[in-house]
Amino acid sequence: MNIDDIKKEFPIFSNKVHNNDLVYLDSANSSQKPLVVVDRIYDFYTKEFSNVGRSVHYLAVAATNLYENTRTSVQKYINAKDKNEIVFTKGATEAINLVASTFGQKYLKEGDEVLVTELEHHSNYVPWHYLRKSKGIKIEFSEVNENGEVTLESIEKKITKKTKIIAITHLSNVTGAILPVKEITKLAHSKGIPVLIDGCQSAPHLKLDMQDLGCDFYAISCHKMYGPTGLGILYAKKKWLEELPPYQGGGGMIGEVKKEDITYGDLPNKFEAGTMATAQVIAFNESIKFLNKIGIDNIIKHENELIEYGQELLRKNNSVKLIGNPKNKGAVLSFTIGNIHPHDIATILDEDGVAIRAGHHCCQILHEKLGLVATARASLGVYNTKEDLDKLNSSINKCKKIFE
Amino acid sequence: MNIDDIKKEFPIFSNKVHNNDLVYLDSANSSQKPLVVVDRIYDFYTKEFSNVGRSVHYLAVAATNLYENTRTSVQKYINAKDKNEIVFTKGATEAINLVASTFGQKYLKEGDEVLVTELEHHSNYVPWHYLRKSKGIKIEFSEVNENGEVTLESIEKKITKKTKIIAITHLSNVTGAILPVKEITKLAHSKGIPVLIDGCQSAPHLKLDMQDLGCDFYAISCHKMYGPTGLGILYAKKKWLEELPPYQGGGGMIGEVKKEDITYGDLPNKFEAGTMATAQVIAFNESIKFLNKIGIDNIIKHENELIEYGQELLRKNNSVKLIGNPKNKGAVLSFTIGNIHPHDIATILDEDGVAIRAGHHCCQILHEKLGLVATARASLGVYNTKEDLDKLNSSINKCKKIFE
Amino acid sequence: MNLKELYQEIILDHGKNPRNLRKTDNFNKDAKGYNPLCGDKVHIYLKLNENKKVEDISFEGQGCAISMASASIMTSLIKGKEEKEVKEIIKDFLEMIKEKESLNTKLLEEDEKTKLMCLSGVKQYPMRVKCATLSWHTLISAIDKSQNEINIKSKEI
Amino acid sequence: MNLKELYQEIILDHGKNPRNLRKTDNFNKDAKGYNPLCGDKVHIYLKLNENKKVEDISFEGQGCAISMASASIMTSLIKGKEEKEVKEIIKDFLEMIKEKESLNTKLLEEDEKTKLMCLSGVKQYPMRVKCATLSWHTLISAIDKSQNEINIKSKEI
Ligand SMILES: Cc1ncc(COP(=O)(O)O)c(C=O)c1O
Ligand SMILES: Cc1ncc(COP(=O)(O)O)c(C=O)c1O
C-alpha cells in the first residue's frame, strides 16, 4: 500500500464539503475510517451477527472467535505479554476511569498524591478529581515548559514520598509534544510508583511496545486509530488486572453469583461487564491490519514529513503563531492568528472544506497556562498530504483577509 | 411493512448455517439488525463521518445534529418528558452501573436496603453488590412464585422503612414474566422510594411510556432492539440527573476545569463523558424508525401469537418442560428436556441451524431457586414465524432421539 | 446569506468596534454567561430605573466575532426599552435563530431588524448558534436573576 | 467427524453410564472445577500411592454429556498411571483438543486413543471445548494442588 495514495482507501474523500474537496485536519479528534473497516462492520451485521461468549450456537461461536482474534491482534500490535492484558472499553475515557476508580478504591487514601501534567486532557484529570473529592487525595501537576513539553526533570521535581501513581499523556493533543514516557516509567518504577499513560494521540502515530515501555496502564481510543466509534482499549499489566477490584458489574464478568456473595470471572472477563461492543471489536481487527499493511515506520516517516512541512508553512505565514515548539513533535499543529478567535477561524476555513478544530481541546488547564481561551488545531492522519497543508495555508490567508 | 414478511428486511437470513436456513431464536441475547440500520452505519462512516459536539466544521455539525436527532427520537419513542432525560451509555449494564454508583454514592449508607427480585439479571444485581461491599447496604430479594412471576404483593412484602431504591426487571429474560412495573412504581412512590427498571427485555417488545410508567430510571440495550452493539440508553427523570453526581469523568462533560476544582456541564452532557458511540447512536435512529414503521401494536400482536403457538407446541411435546408459566408473558420460551443438559440441546439444535441459548442466562439466583444448573431458551424477535417454532420443535424431537 | 457575507457585515459593523463594551456604573442587575464548549464568556450589566426601563446596558467578555457582535448589537437595541419589551425582543430573536424566517416584533425598527438578521446566517452552524445566543440568554438571567451564571450548553440553542 | 456422531459415540459409551462417578475413599488429592459460563461442575478425587502412582481416581459433578463423558473417559485412562505419565497424557490431550490432529503419547493404547479422539469433534465448538477440558484442568490442579478451585474461563481452552 503506497502511503502517498492512501486517501483512496477512505471513501469519505470522494465526498464534497461546501462544494470543495474535503481537507480533513481533525484526526486528533477522530480519524476517518478506511473502507475495509466499514465493510467489516457491514459484513458482520449482514452475514455473521451474534452476541459473543454466551451462546453455543454457530453464529455465537464464530463471533466469539472473531472477537478474541482482535484481542490477539491488539496484543501483538502493542506487544503486550499476554492477550488477557487487553481489556475492551467504550473509549480511552472509560479506560482511564476504570483505572482511577479501581486503583483509587484499593490503594489511595487521604493525602496520597496523583501526579499528572499540565498537558493532560480532561479525560486524564477529571477521574482523578473524583478521588480528590471522595478520598481527599491531592493532584499534583508537572509543569509544561515554554516549548509545550513536559520533561523528565519536571516530572521528577513533583514526585514525593506520597506519589502513588503517575498519569501522563504520551503525546499532547495540543502542543504535539511527545513525552519521554519510557524514561518517566523507569524513574517512577525505581521509586515503586506505577504509571498510567494516556495513549490516545500516540497510538495512531507511534510504534507501540508495552513490554519495552514497561508502563502499568495504557489507554487507547480506537476511533482515533482508524477504527469504529464506541471502542477503546485498556492495556494493563496482568498483575494489576488481577489485583484491582472489578469496575462495572454485570453479565459475563462473574464467577458464581449467590444471594449472599459473588465471585468474579477471570481475566479479561472480570473487566468486561455486559454485552460488549461486539461489531466494533471485530471491525477493529481490520484497522490493525490496515496499519500493519502500511507499516508503522512508513506512517511515522510520512507524518514526520508532513509535520515538518506544515510547521514550515505556518511559521512563514506572518501573524500565525504555532502553539508549542517541542523537539519531539507528533501530528498536531495548533495555532492562533493574531486576534482572530479560533472559532471564527474554524468556521471560515470550513467554507473551503478545510476541517480543523477550535477550542480548548479538552485541555483547559493548558490553555489557562498559555493565557489563551482557545486555539485552532490542524491534526494529521495517514491520509493527509502536503497539498492538504497548502490548502490549509491558503485558507488561513483568506481568513486573515476577512479580518484585516 | 408487513410483519409476516419482515425477515427479508434482515440480510442475515439469506445466509446458511450448517447448510440450513437460519432459525434465529436468540434475540433476548441480541437481536439481528435490519438492513436500514447497517446501511446507516455504512453511509455515516463512508460519507459523513466526524466526531460530534466538539468541532465546528461542516461534518462535525452535521454529525452532532444527527446524534441529537436520535436522542429526540428515543425521547418520543419512550415518551419521556424531556430529551435531556435520555443518556447514551455503552449498554444497559453501564446504565444500571451508572445509577447504582452515583445513587449509592449520594444516598446510600450502611444498613440501607436495595430491593431487587430473584428474577434479576446479573447486571441488575452485581452493581448493587458493590455497594453492599463498599457501604454495607443490604440487598433484599422479592420472591418469584411457582409461575416464574414476581407480583406486586411479593414486592410489597419486602419493602421496609430502610428500602431506599427498588431495582427490578420489566420482563424476565428467563421466564418471560412481565412485572407489574407501573403498579410497583406507584406503590414505591407512595412510600417515597425511587424505582429503577431494567428494560432490556421489554424495550424491544412492549410499548414504552415513561410518563405513564412514572419510574425514575429505565435501562435499555440498543443491540437487543434491532440496533448496533456497544450502545445502551439510560432514561432518568431530570431531577435525578440534576441531583446525582456525574459518573465517568472526561471530555465533553465538564463546565470549567481548573487545577483546584471542576464544574460539570449540563444535562445530558454531564453523563456523557468522552467520545461517545457516535455512529451507533446515529444508526439507532433507524432502529427506532424501523420499529415505528411496523408499529408496536403490530409487533405485540405478532409476538403474542408466536408465544401462544410456541408454548402450545412445547407443552404438547412430552419430556419438554417449560420454565415459568406467567400470566403476562413476553417473547421468551425457556425449557428443559428430560435430563438432557441444555448445552447439549443447544449444540444439537445448532446442527439444524436452530440458534438458541443454553445456560443460566446471567440469572444464577433464579436458576438456583429453580433447582436447575441451566436451561435452554428460545427467544423471539419481530422476524420470527410459526415455521421457526415448528423447526425448533422438530429439532427438539431429533435431540430427544439422540438421547433416547 | 453565505457565511463570508455574514462575517463581513458583522465584523464591519460590530465585531471590531463592539458597542457598550464596558461596565455600567451603578448597575442593579447583572449575570455571567459561559459557553464551556468554546470558552466564550460574557458579563452583562443592566441598570433598570424605577419604571423597569433599561437606563443602561453594557457587557464585558471575550469571545469570537459572532458572540461579540451579537452582544454589541443586542445591547444597542435594548437600551431604552422596558423590561417587558426586552423580554419580547429576546424571545423573538431566539425564535428567529432557532427556526423562524424573520423577526416579528413591532418593538424594533426595520434597520434594527436588519442588523439582527445578519446573525441569522449562523443557523446553518448549530455550534455557532450558541455564540450568537450566549449574551441573550445571559440577559434573560440578569433580568430574572434566577441563576447567577448561565451555562449555554443546557440551552437548546 | 460430525457432531451428531460425536454425540452418539460418547453418549453410548460414557455419557449415560459414566465410569468412576463416585468419591474415592481416603483420597489424598482433590480439586474442584467450575465453568461459570455453563454451570458445569466437577470434583476430582485422587489417591496416589507412595510411588506417585494413581491407585484410584473418581469424580463427582454435574454437566453436559460432553463434560461427563470426558471426565469418565479421563478417569478410566488415568488409573494405574504414574503422576509423570498422567501429566504427559493431560498435555497431549489438551494440545490435541486445541490444535493437533492426533494424540502422540505412547502411554495410551490405540483403543484408548480412539476413545479420546471421539472428543476431538468439539474443536469446532470452542464453547464446548471448555466442557471437554474442564475435568482435565481440574485434574492438573488436583495433582499440583496449586489452586483449590479452578475456573475454566481463564484457560485458553
Ligand atoms: C434482563 C437483562 N438485563 C440486563 C442485560 C444486560 O444488557 P447488556 O448486556 O446489553 O448490557 C440483559 C441482557 O444481557 C438482560 O436480558
Ligand atoms: C490526549 C487524549 N486523551 C483522552 C482522550 C479521550 O478519548 P475518548 O474521547 O475517545 O474517550 C482524547 C480524545 O478526545 C485525547 O486526545
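All values below come from the heavy atoms of this structure, side chains included, with hydrogens, waters and symmetry mates left out. Labels below follow one simple rule: chain letters A, B, ... track the order of the sequence lines, proteins then strands, and each chain is numbered from 1.
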Going by heavy atoms in the side chains, are M276(A) and T229(B) under 4.5 Å from each other? no
Heavy atoms, side chains only, cut-off 4.5 Å: are V126(A) and M253(B) in contact?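 They are in side-chain contact.
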Once rounded to the nearest 0.5 Å, what's the spacing between atom [atom1] of [X] and atom [atom2] of [Y]?
X	Y	atom1	atom2	result
K47(A)	N15(B)	NZ	CG	7.0 Å
F88(A)	K90(B)	CZ	NZ	11.5 Å
N29(B)	L59(A)	CG	CG	11.0 Å
H129(A)	I262(B)	NE2	CD1	4.5 Å

At a heavy-atom separation under 4.5 Å, does [X] approach chain A through its side chain, its backbone, both, or neither?
X	result
I96(B)	neither
F141(B)	side chain
L35(B)	side chain
E118(B)	side chain
H361(B)	neither
D261(B)	both
Y24(B)	side chain
P246(B)	both
I139(B)	neither
P228(B)	both

N/O donor-acceptor pair under 3.5 Å between [X] side chain and [Y] backbone:
X	Y	answer
S30(B)	N51(A)	no
Y45(A)	V37(B)	no
Q364(A)	E256(B)	no
Y125(A)	G249(B)	no
T93(A)	G250(B)	no
D26(B)	A60(A)	no
D350(B)	Y58(A)	yes
N97(B)	Q248(A)	no
T46(A)	P11(B)	no

Can you name the one residue among E120(B), H122(B), H360(B) that meets side chain to side chain contact (heavy atoms under 4.5 Å, CB included) with V257(A)?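 Among E120(B), H122(B), H360(B), the one that satisfies the side chain to side chain contact (heavy atoms under 4.5 Å, CB included) with V257(A) is H122(B).
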Looking at [options], which has the largest count of heavy-atom pairs under 4.5 Å with chain B?
options	value
D39(A), L231(A), N124(A), L22(A)	D39(A)
E368(A), R132(A), H18(A)	R132(A)
V38(A), T278(A), V281(A)	V38(A)
R377(A), H367(A), E260(A)	E260(A)

If you compare all heavy atoms of [X] against all heavy atoms of [Y], which two are closest, and at what distance to 0.1 Å?
X	Y	result
G251(B)	C362(A)	CA-SG, 3.7 Å
Y130(A)	Y247(B)	CE1-O, 2.7 Å
S31(B)	F49(A)	O-CE2, 3.1 Å

Neighbour count >12 (heavy atoms, 6.0 Å) for atom NZ, K138(B): no
Is atom NZ of K133(A) surrounded by more than 12 heavy atoms (other residues, nucleotides or ligands) closer than 6.0 Å?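 No, the 6.0 Å shell around NZ holds no more than 12 heavy atoms from other groups.
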Assess the residue pair T275(B) and H223(A) against the criterion (side-chain contact (heavy atoms from CB on, under 4.5 Å)); give the C-alpha distance rounded to whole Å, side-chain angles, the decisive distance to 0.1 Å, and a yes or no. CA-CA 9 Å; T275(B) 299; H223(A) 68 94; 3.3 Å; yes
Quick check for you: among Q280(B), K259(B), E94(B), which has the greatest number of heavy-atom pairs under 4.5 Å with chain A? K259(B)
With sequence neighbours left out, the residues meeting side chain to side chain contact (heavy atoms under 4.5 Å, CB included) with P342(A) are A358(A), A374(A), A376(A)
